[in-house]
Amino acid sequence: MESRFTETHQKLSDDGHESECDKIVKLLDLMIDGEASTEEQSYFNTHIEECVPCFESHQKQKLLKGLVCGHLKRVIVPESLALSIKARIQETV
Amino acid sequence: MSEQTGKQLSKEEKDARFEAELLPVLDPLYNFAYRLTLDEDDANDLVQETYLKAYRFFDYFEQGTNAKAWLFRILKNSFINEFRKKSKQPAKVDYSEVEGYYNSDDVEGEGGVASTTDMRTESVQDLIGDEVASALNALPVDFRTVIILCDLEGFTYEEMAKILDIPIGTVRSRLHRARNSLKEKLEKYAKSMGYNS
Ligand SMILES: [Zn+2]
């Protein structure tokens with residue numbers, strides 16, 4: 001699976017270009033989640049240096065993740081919850 | 001199952017260990033429960049149930065292993081097996097239809113490479129920030145789940161696979177679908193606010 005990404009990619013035709021961008025799209029999540037291998041990372045980074053749509057997709061995907069982890073408000077745990085958990089555990093034999 | 005705890009802990013010791021190792025997860029666990037049930041009372045019940053189950057099975061919990069992932073897994077199973085039945089939230093999505101995105105061509109659609117929507121400017125971000133919760137809440141629960149686990153709680157794909165009892169490939173495809181869905185909802189909002197024209 002990894003070897004696919006080690007080949008130096010060449011933009012020979014529209015078809016070739018398209019499938020290259022398709023591969024990049026499939027790597028987007030891995031990249032923003034820090035799950036891409038070193039090979040995948042360099043394949044990805046090389047591509048987005050030259051390809052504006054993929055560069056923008058990457059920006060957008062990062063933004064999306066940032067919106068969730070940066071803007072989603074956390075709910076406050078009711079104070080009674082920890083107490084009632086402890087109480088119920090103590091009752092449990 | 002065989003009993004293999006080397007020494008027998010007294011109840012006090014067990015309780016103290018339980019509280020020390022598992023109660024620190026209360027905050028993320030409650031938030032997860034809330035995002036699943038979208039109701040504070042339900043989240044409260046679900047978290048209590050999770051801790052009681054964890055207590056019952058605490059002998060099988062290996063000290064020093066990932067307590068957070070373990071509790072999240074118990075909570076998610078409780079939610080699916082028991083809770084969802086009595087919850088007001090309908091369970092409506094059949095994922096067999098949507099998991100296979102790696103084999104299909106149409107997935108990226110407008111949410112993908114070709115989109116020109118610009119959500120990058122500060123003002124839009126601030127406005128959209130308030131909408132993130134409602135966009136997320138509008139997603140089917142399985143989509144919501146992977147986004148919460150990944151983006152809010154920072155679990156790895158491998159941990160998510162264990163929590164959800166699904167292969168990593170399914171984690172990836174579900175996350176991808178979930179993000180496309182979320183993106184679509186947020187973009188609709190951005191457009192409705194006039195930021196895309
Ligand atoms: Zn490209």
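Here is the naming used below: chain letters follow the sequence lines, and residue numbers restart at 1 for every chain.
Contact annotation: the side chain of A/K26 never approaches that of B/H176 to less than 4.5 Å [non-hydrogen atoms, C-beta and beyond]. Here the side chains of B/R179 and A/L28 are not in contact, with every heavy-atom distance at 4.5 Å or above.
Of all the listed residues (A/R88, A/H58, A/K73), the one sharing the greatest number of non-hydrogen pairs under 4.5 Å with chain B is A/R88. Of all the listed residues (A/I85, A/V68, A/D33), the one sharing the greatest number of non-hydrogen pairs under 4.5 Å with chain B is A/D33.
Taking OH of B/Y51 as the reference point, atom OG1 of A/T92 lies at 14.5 Å (rounded to 0.5 Å). The CD1 atom of A/I32 lies 7.5 Å from the CG atom of B/L175; values are rounded to the nearest 0.5 Å. Note that CG of A/L72 and CD of B/E131 are 12.0 Å apart. Values are rounded to the nearest 0.5 Å.
B/I168 and B/L164 fall within a single hydrophobic cluster, where Ile, Leu, Val, Met, Phe, Trp and Tyr are joined by side-chain heavy atoms under 4.5 Å apart, directly or via other members. Cluster membership for B/I148 and A/I76, using ILVMFWY side-chain heavy atoms within less than 4.5 angstrom, is not shared. In the hydrophobic cluster analysis, where Ile, Leu, Val, Met, Phe, Trp and Tyr join through side-chain heavy atoms closer than 4.5 angstrom, A/L63 is grouped together with A/F55. Criterion: ILVMFWY side-chain heavy atoms under 4.5 Å apart, direct or through other members. Under it, B/Y60 and B/F18 are part of a common hydrophobic cluster.
Looking only at atom types and distance, the side chain of B/Q48 has a donor-acceptor partner in the side chain of A/S84 under 3.5 Å away. Side-chain N/O atoms of B/K11 and A/Q90 include no donor and acceptor closer than 3.5 Å.
Using a 4.5 Å cut-off between heavy atoms, B/R35 touches chain A through its side chain atoms alone. Interface remark: B/L152 contributes backbone and side-chain atoms alike to the contact with chain A (heavy atom separation under 4.5 Å). Neither the backbone nor the side chain of B/E12 comes within less than 4.5 Å of any heavy atom of chain A. Neither the backbone nor the side chain of B/L29 has a heavy atom closer than 4.5 Å to any heavy atom of chain A.
B/D151 contributes no side-chain N or O that, together with a main-chain N or O of A/C69, makes up a donor-acceptor pair within less than 3.5 Å. Judged purely by atom type and a 3.5 angstrom limit, B/E19 has no side-chain atom pairing as donor or acceptor with the backbone of A/K86.
Of all the heavy atoms in B/R172 and A/L30, the pair that sits closest is NH2-CD1, 3.5 Å. Nearest heavy-atom pair across B/Y157 and A/D29 is OH-O, 3.2 Å. Across all non-hydrogen atoms, the minimal contact from B/L26 to A/A82 is CD2-CB, 3.7 Å. Taking all atoms of both residues into account, the shortest heavy-atom contact from A/R74 to B/P28 is NH2-CA, 3.4 Å. The shortest heavy-atom contact between A/L67 and B/L186 is CD1-CD1, 3.9 Å.
The number of heavy atoms from other shown groups lying within 6.0 Å of NZ (B/K53) is above 12.
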Applying side-chain contact (heavy atoms from CB on, under 4.5 Å), run through B/K183 and A/Q61 and close with a yes or a no. CA-CA 9 Å; B/K183 208 163 10 179; A/Q61 205 77 350; 2.8 Å; yes
